[in-house]
Amino acid sequence: MAVYYTDIYNNVKSFNPRDLWNDKNISFNNVQLILKDQWQFHKDTLYIGKSSDINNNIEEISMLLIDDTNYDDLSNNNLLLFPFNTNLPSLFNTVNDLFSTNLDILNSSNILLNAVLKNKSLDYLVKTSSDLLNNPVVLIDTSFKVISHSDINDITDPLWVNNINSGYCSYEFIAEVNKMDSVKKSPTNENPFLVTCRANDIKKLTSKIFIDNKMVGYVIMLECNEIIAYKHQKLLNIVSKVLADELKKDKFYKNMRGLMYEKLLVDLIEDKIKDKDIAVERIKGCGYNFNKDLALLALDLSDYKNKGHRNDYLKDSIDSIFPMGKSIFYNGYILYLIYINDKFIETKLNKLEQFIKEEKLYVGISDTFENLLNLNLHYSQSINALKFGKRFDNSNVFYYGNYKLHHLLSNVNDKDLTKYCQPEVIKLRKYDNIHNTNYYETLYHYLINNKNTNLTADKLFIHRNTINYRINKIQEIIDIDFKDGEATFNILASYKILNYHYKKD
């Protein structure tokens, strides 16, 4: 592993050098003492010695020189010039230790990379990282959920012991962390940064984890065994990249946009949070107000043709319709958590329906709900709305409320569902088959249009007098009393059952 100017300067600045360095991007693989009247030098080697040992004609050499002769031929070399009374062995040992440490970091990197090549688990990589750093390590995602950790017995920080035992960081903990200047001003890359808190003196070296330039979590090293040093900073940077590659194998982390609520929603959908108090804490920790009338939309991507659009075209398009909603990619769907109590919701749902039809897509919409802890149930509803809607209707947007009976019937083991229907409906269906009439369909549309003759005629594209004739004929055939609400309900339910029975396969 190469050593750069910045690392060198930071390690020797206590010797008070005069900085005359030209190329600050140069790196080195070796360090050597300068021999008396030495002529041969290598650009990838850093040389240390006294100015009295240098031939004034050398150029483009990188040196740390103790100035014992008022050395003045400086322009063509990278040079840190030290006071004449600087101890040469001490200076050399300081720099040599830096190179030795870098070699140790390189060896540690190889151990981690070999573990990746052997397809070792995420927990194994975290445990190995902890061993190499000689300090405990915790891996969390951006929702502050603990993904993995090294041996909890090595952790002397009670706050993190509690976080690990809970499986997440509490709302109070997250709030305090987000107030810290070190977090607010933290790097926008994997470079480690130091975090200290008022609760205890244990320092934390933290590195962000990115997948495809999206932050998905943090790897945290706690200063429990060994004081944080240069090697920890360099190695933790490598650890974060190794863990990012491993997290890429998880579809969720690969697709997530680095937002705190995403993993929370997935955990709720998969019913992984068994403790209500933990769920409530994590919801609060997201910083979003989910205590409103909600609905979950499931956009089916299985038949989507990109049509040359960018990859995020669909999500961005629906985000523009529901700007306050929250979306995630999950199991082949884009899921949208939307607020139903918006006074413009009807307009937005109409825009959604138009967009879905234009893109030849399908979306299932759950019932309205208020408690995010019930997300698992409403995810199932949106998926079942898609399942039954695509099978039984010629539409693109399906509301679960229209398919509850279908869902119920799908759980009935009895294969012959017709015996649960009103005999009058069966009789009317048979009459049509024998006499080539259309009374069965007419009765259905008459009932769902609230027995309104004009609406029924418009739906069937026939004259209202024809509807009146057919209704009279239907009453002769099956003797139905349209004023009996229970009877008409049972007949409509029979239609639903028959529709399901004959299309279920």
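Hydrogens, waters and symmetry mates are skipped; everything else that's a heavy atom, side chains included, is used.
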Ser90 side-chain N/O to Asn87 backbone N/O, donor-acceptor pair under 3.5 Å
no
Chi angles and distances behind the side chain to side chain donor-acceptor pair (under 3.5 Å) call for Asp68, Ser52:
CA-CA 6 Å; Asp68 62 347; Ser52 57; 2.8 Å; yes
Tell me yes or no: between the side chains of Asn225 and Asp154, is some donor less than 3.5 Å from an acceptor?
no
What's the spacing between Ile211 CD1 and Leu243 CG if we round to 0.5 Å?
10.0 Å
Has the side chain of His232 got a donor or acceptor atom that lies under 3.5 Å from a matching backbone atom of Ala229?
yes
For the backbone of Leu125 and the side chain of Thr128, can you confirm whether one donor and one acceptor N or O come within less than 3.5 Å of each other?
no
Can you confirm whether Leu117 is buried at CG, in the sense that more than 12 heavy atoms of other residues, nucleotides or ligands lie under 6.0 Å from that atom?
yes
Checking side chain to side chain donor-acceptor pair (under 3.5 Å) between Asn237 and each of Gln233, Lys241, Lys234, which is the one that passes?
Lys241
Okay, side chain of Thr86, backbone of Pro83: is any donor-acceptor separation there less than 3.5 Å?
yes
Derivation of the side chain to side chain donor-acceptor pair (under 3.5 Å) call for Thr94 and Asn11
CA-CA 7 Å; Thr94 299; Asn11 273 266; over 6 Å; no
Is the distance between the ring centroids of Phe322 and Tyr339 under 6.0 Å?
no
Under 3.5 Å, is there a donor-acceptor pair between the side chain of Asn10 and the main chain of Thr6?
yes
CG (Asp181) with more than 12 external heavy atoms under 6.0 Å
yes
Report the residues that fulfil salt bridge (charged side-chain N to carboxylate O under 4.0 Å, His left out) with Lys231, sequence neighbours left out, ordered by chain and then residue number.
Glu226
Starting from the C-alpha separation in whole Å, work towards a yes-or-no answer on side-chain contact (heavy atoms from CB on, under 4.5 Å) for Trp21 and Leu79.
CA-CA 5 Å; Trp21 205 276; Leu79 181 63; 5.6 Å; no
What's the separation between atom CG in Asn29 and atom CG in Leu106, rounded to the nearest 0.5 Å?
10.0 Å
Between Lys204 and Ile228 the two heavy atoms that sit nearest each other are C-CD1, 4.4 Å
Please assess Asn102 against Tyr230 for the test side chain to side chain donor-acceptor pair (under 3.5 Å), listing each intermediate value before the final yes or no.
CA-CA 9 Å; Asn102 265 43; Tyr230 166 83; 2.7 Å; yes
Test: Lys24 and Asp19 ion pair at under 4.0 Å:
yes
Check whether Asn114 reaches the backbone of Asn110 with its side chain - one donor and one acceptor, N or O, closer than 3.5 Å.
yes
I'd like to know if the side chain of Lys326 reaches the main chain of Met324, judged simply by a donor and an acceptor atom lying under 3.5 Å from each other, with no hydrogens or angles considered.
yes
Regarding Tyr336 and Asp319, do their side chains bring together a donor and an acceptor under 3.5 Å, going by distance alone?
no
For a 4.5 angstrom cut-off between non-hydrogen side-chain atoms, does Val219 reach Thr206?
no
Value for CG (Leu361) from CD1 (Ile334), rounded to nearest 0.5 Å, stands at 8.5 Å
Check whether Tyr124 forms a cation-pi arrangement with Lys127 (NZ or CZ under 6.0 Å from the six-membered ring centre, at most 45° off the ring normal).
no
Before we go on, tell me: are the rings of Tyr47 and Phe41 under 6.0 Å apart, centre to centre?
yes
Trace of the side-chain contact (heavy atoms from CB on, under 4.5 Å) decision for Leu349 with Tyr399
CA-CA 11 Å; Leu349 289 173; Tyr399 292 86; 3.7 Å; yes
Hey, is the main chain of Ser62 close enough, under 3.5 Å, to the side chain of Asn77 for a donor-acceptor pair?
no
Going by the angle between their ring planes, with limits at 30° and 60°, are Phe15 and Phe82 parallel, tilted or perpendicular?
perpendicular
Going from CD1 on Ile54 to NZ on Lys36, what distance comes out if it is rounded to the nearest 0.5 angstrom?
9.5 Å
Nearest-0.5 Å distance that lies between atom OH in Tyr362 and atom CG in Leu299:
12.0 Å
Where does the angle between the aromatic ring planes of Phe388 and His406 fall among parallel (under 30°), tilted (30 to 60°) and perpendicular (over 60°)?
tilted
Side-chain donor-acceptor pair present, Asn384, Ser380, cut-off under 3.5 Å:
yes
Crowded around Asn411 CG? As in, over 12 foreign heavy atoms under 6.0 Å?
yes
Rounded to the nearest 0.5 angstrom, the CG-CG distance for Asn374 and Leu296 is 12.0 Å
Pair Phe392-Tyr403, ring-ring contact (aromatic ring centres under 6.0 Å, His included): steps then yes or no:
CA-CA 9 Å; Phe392 295 109; Tyr403 304 100; 7.6 Å; no
Distance flag, aromatic centroids of Tyr400 and His407, threshold under 6.0 Å
yes
Could you go step by step and tell me if Leu112 and Val116 meet the side-chain contact (heavy atoms from CB on, under 4.5 Å) rule?
CA-CA 6 Å; Leu112 283 173; Val116 171; 5.7 Å; no
Inspect the surroundings of CG in Asn85 and state if more than 12 heavy atoms from other residues, nucleotides or ligands are less than 6.0 Å away.
yes
Looking only at heavy atoms, what is the nearest atom pair of Asn191 and Pro187, with distance?
O-CG, 3.4 Å
Is the shortest side-chain N to carboxylate O distance from Arg18 to Asp67 below 4.0 Å?
no
Keeping the roles fixed (side chain from Asn162, backbone from Pro158), state whether a donor-acceptor pair exists under 3.5 Å.
no
Counting only heavy atoms not in Lys203, do more than 12 fall under 6.0 Å of its NZ?
no
Audit row: Ser382, Ser366, side chain to side chain donor-acceptor pair (under 3.5 Å) steps and yes/no
CA-CA 5 Å; Ser382 62; Ser366 75; over 6 Å; no
Would Lys208 and Glu190 count as a salt bridge (charged side-chain N to carboxylate O under 4.0 Å, His left out) here? Give the steps.
CA-CA 5 Å; Lys208 297 175 181 177; Glu190 296 92 345; over 6 Å; no
Criterion side-chain contact (heavy atoms from CB on, under 4.5 Å) on Ile269 and Leu335, from CA distance to verdict:
CA-CA 11 Å; Ile269 287 169; Leu335 303 180; 3.4 Å; yes
Distance alone, cut at 3.5 Å: any donor-acceptor contact between the side chains of Asp123 and Ser148?
yes
What heavy-atom pair brings Val126 and His149 nearest, and what distance separates the two atoms?
CG1-C, 3.7 Å
Under 3.5 Å, side chain of Thr45 to main-chain N/O of Asn30, donor-acceptor pair present?
no
Give the minimum heavy-atom separation between Gly401 and Asp367, together with the two atoms involved.
N-OD1, 3.7 Å
